[in-house]
J.: 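Before anything else, here's the structure in question.
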Amino acid sequence: MEYLIVLLPLLGSIVSGFFGKLIGVRQSQIITSTLVLLSGIISILIFYQVMINDYSSNKLIFNWISSGNFNVNWSINIDPLTSVMLVVVSLISSIIHFYSIGYMSHDPHKPRFMAYLSLFTFAMLILVTADNFLQLFFGWEGVGLCSYLLIGFWYKKPSANSAAIKAFIVNRVGDFGFAIGVFLIFFFYGTVNFNEVFQQTPLFIEKEIIFLGINLNLITLICLMLFLGAMGKSAQFLLHTWLPDAMEGPTPVSALIHAATMVTAGVFLVVRCSPIFEYSQVALNFVAAVGMMTAFFAATVALVQNDIKKIVAYSTCSQLGYMFFAAGIGAYHVAIFHLFTHAFFKALLFLGSGCVIHSFHEEQDIRSMGGVWKKIPYTYVLMIIGTLALTGFPFLSGFYSKDAIIEFAYLKETNIGYLCAAVGIFTAFLTAIYSWRLIFKTFHGKFNNKKNNLSSIKESPLIMLIPSSVLAIGAVCTGFLFKEIFIGEESFSFWDSSILFLSHFKHTHLPTWFIYLTPVIVTLSIPLSYYLFLENEKILKDFTLKNNFIYNFLLNKWYFDELYNFIFVEPIKRAGTFFWKKGDINTIDRYGPDGLSRLIKTISTKAVNFQSGYLYHYAFVMLIGFSLLLTFLILV
Amino acid sequence: MNFPILSAIIFIPIIGAFFILITKGVQKNVEKNSKYVAIFSSLANFLLSLFLWYSFDTTTSGFQFIEEKKWIGGFVKFQLGVDGISILFILLTTFITPICIFSGIESIKFKIKEFLIAVLVMETLMLGVFCSLDLVIFYLFFEGGLIPMFLIIGIWGGAKRVYSAFKFFLFTLLGSVLMLIAIISIYWIAGTTDVIVLLKTTIPYDYQYFLWLAFFSSFAVKLPMWPVHTWLPDAHVEAPTAGSVILAAILLKMAGYGFIRFSLGLFPIASDYFTPLIFLMSLIAIIYTSLVALMQEDMKKLIAYSSVAHMGFVTLGIFSITKQGLEGSIIQMISHGLISAALFLCVGVLYDRINSRMISSYGGLVNIMPKYALVFMIFTLAALGLPGTSGFVGEFLVLVGTFQKSIFVAVIASLGIILAAAYMLWLYRRVIFGRLVSPEVKDMKDLNKTELYILFTLAFLTLFFGFYPEPLFVTIDVSVNNLIENYQANLDLYLTKKGN
């Protein structure tokens with residue numbers, strides 16, 4: 001049964017990818033969607049088994065690499081953490097498969113699209129079921145590949161192609177770190193199998209290695225390197241630049257890959273490696289710091305963006321920051337809980353945005369929208385639900401998971417914990433502002449679209465609305481349904497062996513004001529944004545005019561793209577040209593083979609001149625030679 | 001006496017070449033018959049080498065299928081034999097040659113008979129390199145390979161073929177002369193050129209350094225290592241597709257094989273001593289040529305430069321002298337043999353259609369050549385070392401091995417995997433994606449049957465060995481262990497002597 005979860009999507013991908021034309025468009029859509037749905041159902045069954053019976057298993061498929069003591073297998077490993085991820089991945093993937101049937105209805109390459117989606121699902125499932133670092137790395141790069149293919153799906157658009165390459169290469173920078181982490185692990189532990197590595201970790205706590213004359217703690221170094229990989233995949237601060245650009249891909253892709261699943265792989269990695277991270281406070285603090293920075297930074301940028309998908313993308317970035325600082329303060333289970341709920345409401349927001357874009361005939365700029373909430377009521381309701389869940393409105397899913405992160409940070413009772421709580425609350429406020437800005441600009445106010453008139457705005461078809469509604473149910477319910485299992489008093493027995501907690505959290509009661517603080521802020525933000533973005537837009541306009549610098553700084557995403565272009569892309573191109581023209585052509589070839597042939601030519605020309613045929617030339621040379629010889633003999 | 005299977009494998013191609021040579025008659029019939037003979041003899045040879053692999057005993061480390069003939073009055077023995085390492089290269093050679101022949105038949109427009117003869121003679125010489133167990137025989141085969149290659153570039157090459165052929169010849173000749181001198185001095189020192197005997201004797205330490213350097217100069221040029229790599233891009237650019245394939249897939253591997261068999265085997269002390277030099281040159285090769293590859297405008301040059309970078313990984317792995325490093329570099333060589341062959345064939349497919357190797361001539365090919373876009377994508381990914389392709393297995397193991405020797409070197413080398421992604425994906429984007437612009441390109445046809453079968457076979461193997469490289473590991477396992485043990489024993493002996 002475990003094999004089926006992973007293999008069904010692969011089968012769907014192969015059928016649709018290679019035989020799509022043969023079996024027809026509709027058939028390949030149905031086949032891929034059904035197979036992924038089946039895999040989703042099996043995942044839920046397994047999750048249920050794990051929840052009720054503490055089921056766990058490790059099934060070997062076959063061995064992959066065996067070189068000396070470097071042994072790696074293909075296998076399917078089921079434990080509580082994996083079972084949660086299985087549900088998230090395969091369930092959301094199947095919903096998005098169905099949604100895509102509607103969203104891509106005008107696209108000429110439907111089978112190819114479905115094949116990529118299924119292939120992605122396969123790679124992601126391989127990633128979460130790995131029992132060793134190398135198989136995880138396979139899935140890791142595999143999802144990166146599918147992300148590359150899907151971002152660049154509309155290959156005629158140059159911007160899509162650039163975004164795809166950027167995503168792949170920025171991720172490779174992270175993978176570089178990941179690979180170094182794996183090398184370190186193998187070098188010291190002699191294995192890359194999770195269980196064996198985790199068991200041995202306590203033995204290496206004191207171990208230091210010297211790199212370039214600097215003493216470094218081994219565990220910290222391993223964690224930081226692995227985390228570099230996680231930063232790339234989860235678009236964390238400094239390696240985040242690819243995620244907003246990735247919105248060039250079709251919207252279902254953004255929902256599945258760049259919101260619900262792939263970008264959370266980094267969080268999954270950190271949680272999976274909790275038995276290593278727990279032994280390095282330095283690394284954990286670093287994770288928390290990067291998480292906070294990302295949460296804050298992305299929220300500020302989201303405030304001023306005008307592309308509906310980019311706002312949601314930055315919001316994703318910001319929420320991933322939450323998950324990381326949750327992990328950084330040791331609340332891994334809360335991080336996973338937020339990952340779980342976030343998958344539903346963020347996918348919902350993307351699918352809702354997809355419906356909006358669909359209704360507006362491919363318009364993505366929220367300045368050209370507005371005043372349509374009566375025309376597309378279902379989409380409107382779905383977006384409202386998504387927004388409420390995201391902002392943490394009481395009793396929706398985001399409320400349980402996001403507030404839990406803030407509360408656990410507070411309960412940590414360390415400086416970094418308090419800082420995390422503060423940043424978390426402030427970011428929650430920003431989140432509410434930009435989310436409601438999106439809603440009000442998109443659905444309320446005046447109708448601003450010049451290309452289409454109001455009557456041409458139509459509600460999306462059922463095949464798009466039904467899958468979105470399923471997600472909406474998830475966005476509403478997952479919070480209170482799974483709260484106890486994931487983060488309640490009994491949750492430690494559920495997570496069992498898959499997460500290591502060295503220090504348990506105190507269950508002292510929080511101060512009452514603290515519990516009410518975030519929900520109140522979040523709720524009050526709704527009228528506030530209503531006032532700012534609909535009632536009295538002048539205040540903001542005046543503000544941006546006066547503070548043009550800050551506005552542009554945010555609008556241009558803190559100028560990261562320009563900075564990276566300046567310090568990486570351009571110098572690398574210049575270095576390439578320099579080595580080629582100056583190195584290869586002007587140095588090696590000039591003094592090497594070309595120089596040699598020139599030299600031979602010169603010498604032979606000289607030698608030719610030498611043989612003039614005149615007797616007196618020869619006699620003169622003989623005379624010189626004779627006198628030299630004589631001098632030599634006399635002197636010696 | 002048993003059936004001399006190695007001699008058979010070596011000489012079948014040249015016998016085929018002989019038959020092609022003596023065919024006479026109407027031009028058309030001659031060409032047709034030559035094609036049949038060439039295809040038949042190369043395929044038969046491939047089957048025979050598969051049989052060789054099948055009957056090869058993977059549990060012993062010694063040389064197998066040994067054949068011995070006295071030659072030149074007993075001075076030199078014509079001695080052949082294979083172990084787990086060389087047998088993979090034999091398979092690679094016999095597998096790639098028929099592909100070259102098929103591709104040549106498709107794209108070579110004139111003197112097809114002579115071309116087939118050159119390829120078959122080339123195959124014999126290359127197989128000889130991997131089978132010979134006598135230094136003199138090895139040298140003859142190793143340098144003999146220059147001549148048909150020189151002709152293939154010089155006759156069927158592009159516009160600047162003469163310059164390229166001479167550059168190729170100049171570079172390689174320099175190294176080979178030094179190696180010949182070294183082989184003569186080995187005979188003078190040890191009294192034999194028999195490799196089996198030499199592997200068991202210890203060459204005096206003082207001589208090892210010079211001999212190592214002499215062999216190194218030959219191998220470094222052929223591999224090629226930085227800074228003697230500049231002949232490779234030129235040779236590739238001017239060579240016909242089949243020539244590029246042989247060059248990239250097999251010729252470069254002879255040097256890697258030479259490093260493993262002779263530099264490590266015969267001169268362990270010197271190998272240890274010069275490891276930092278090799279590491280430095282490999283690192284420069286990886287970073288420098290990757291950067292240069294990024295800026296190329298000619299597809300063949302780009303792939304040629306990427307080959308230099310990939311070979312940098314091979315030398316790193318070999319001289320890490322760890323189990324993972326060595327096995328990784330052998331896998332990397334085999335996999336690069338498949339991938340680079342495929343990439344050059346892919347460029348050849350385009351060149352056959354509109355006679356341009358420039359990236360800027362293309363763009364938007366996916367619109368009209370979807371099959372081509374798919375296979376090209378697979379090889380692009382394999383070249384940048386995506387897990388699940390054979391390229392990953394080799395590269396990753398090399399880095400694992402190198403890491404055990406020097407963390408710094410492994411970290412710098414790992415940067416190469418970022419650059420590899422950059423230049424390969426950028427190439428792919430400019431050629432395949434985007435809109436169709438140029439009118440010439442619009443009329444291009446997708447892969448024909450021959451191209452499709454060839455490229456799909458290569459793609460299948462690349463993926464197969466990416467997921468299940470076990471058959472390769474089983475074959476080389478014992479031989480590599482033996483190599484490392486020998487090396488270590490020699491080194492320990494030297495250190496204890498030095499200690500006294």
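Sequence lines set the chain letters: A, B, ... in the order given, protein chains first and strands last, and positions in each chain run from 1.
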J.: Are there residues of residues 426-434 of chain B whose heavy atoms fall under 4.5 Å of chain A's heavy atoms? If so, which?
T.: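 Within residues 426-434 of chain B, near chain A: B:W426, B:Y428, B:R429, B:F433, B:G434.
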J.: Classify the ring geometry between B:F150 and B:F166 as parallel (under 30°), tilted (30 to 60°) or perpendicular (over 60°).
T.: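 If you compare the ring of B:F150 with that of B:F166, the planes turn out perpendicular.
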J.: Can you tell which part of A:F578 gets under 4.5 Å to a heavy atom of chain B, answering side chain, backbone, both or neither?
T.: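 Interface part for A:F578: neither.
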J.: Nearest 0.5 Å, please: how far is CG in B:L463 from CG in B:L381?
T.: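 Spacing of CG (B:L381) from CG (B:L463) equals 9.5 Å.
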J.: Atom CD1 in B:I368, atom CG in B:L436: separation rounded to 0.5 Å?
T.: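 The CG atom of B:L436 is 5.0 Å from CD1 of B:I368, to the nearest 0.5 Å.
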J.: Answer with side chain, backbone, both or neither: which region of A:W74 has an atom nearer than 4.5 Å to a non-hydrogen atom of chain B?
T.: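 The side chain, not the backbone.
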J.: Side chain, backbone, both or neither: which part of A:N69 has an atom under 4.5 Å from a heavy atom of chain B?
T.: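 Its backbone and side chain both get close to chain B.
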J.: Is A:R172 salt-bridged to A:E141, going by a charged N under 4.0 Å from an acidic O?
T.: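 Judged by the 4.0 Å cut-off on N to carboxylate O distance, A:R172 and A:E141 do form a salt bridge.
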J.: Relative to chain B, which segment of A:V182 carries a heavy atom at a distance below 4.5 Å: side chain, backbone, both, or neither?
T.: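 Interface part for A:V182: side chain.
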J.: What's the spacing between B:Q404 CD and B:T322 OG1 if we round to 0.5 Å?
T.: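 That separation rounds to 5.0 Å.
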J.: Quick one: sort the B:Y288 and B:H229 rings into parallel, tilted or perpendicular, breaks at 30° and 60°.
T.: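 Answer is perpendicular, since the angle exceeds 60°.
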J.: Looking at B:L170, B:L294, B:L399, which makes the most heavy-atom pairs under 4.5 Å with chain A?
T.: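 Going by pairs under 4.5 Å, I would pick B:L399.
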J.: How long is the span from the CD1 atom in B:I318 to the CD1 atom in B:I330, to the nearest 0.5 Å?
T.: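 If I round to the nearest 0.5 Å, the distance is 7.5 Å.
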J.: In terms of heavy-atom proximity below 4.5 Å to chain B, should A:L184 be classed as side chain, backbone, both, or neither?
T.: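 Both backbone and side chain.
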J.: Which value, rounded to the nearest 0.5 Å, describes the distance between B:I303 atom CD1 and B:L232 atom CG?
T.: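 Here the rounded value is 11.5 Å.
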J.: Using non-hydrogen atoms only, which part of A:F186 is less than 4.5 Å away from chain B: side chain, backbone, both, or neither?
T.: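 Just its side chain gets close to chain B.
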J.: With a 4.5 angstrom heavy-atom cut-off, which part of A:F137 approaches chain B: side chain, backbone, both or neither?
T.: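 For A:F137, backbone and side chain are both near chain B.
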J.: Is chain B contacted by the side chain of A:F70, its backbone, both, or neither, given a heavy-atom distance below 4.5 Å?
T.: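 Its backbone and side chain both get close to chain B.
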J.: Using non-hydrogen atoms and a 4.5 Å limit, figure out which bit of A:F18 sits close to chain B: side chain, backbone, both or neither.
T.: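 Interface part for A:F18: side chain.
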J.: A:D175 versus chain B, heavy atoms under 4.5 Å apart: side chain, backbone, both or neither?
T.: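 Contact with chain B: none, neither part.
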J.: Using heavy atoms and a sub-4.5 Å threshold, report which of residues 470-481 of chain B line up against chain A, by residue number.
T.: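 Interface residues of residues 470-481 of chain B: B:E470, B:F473.
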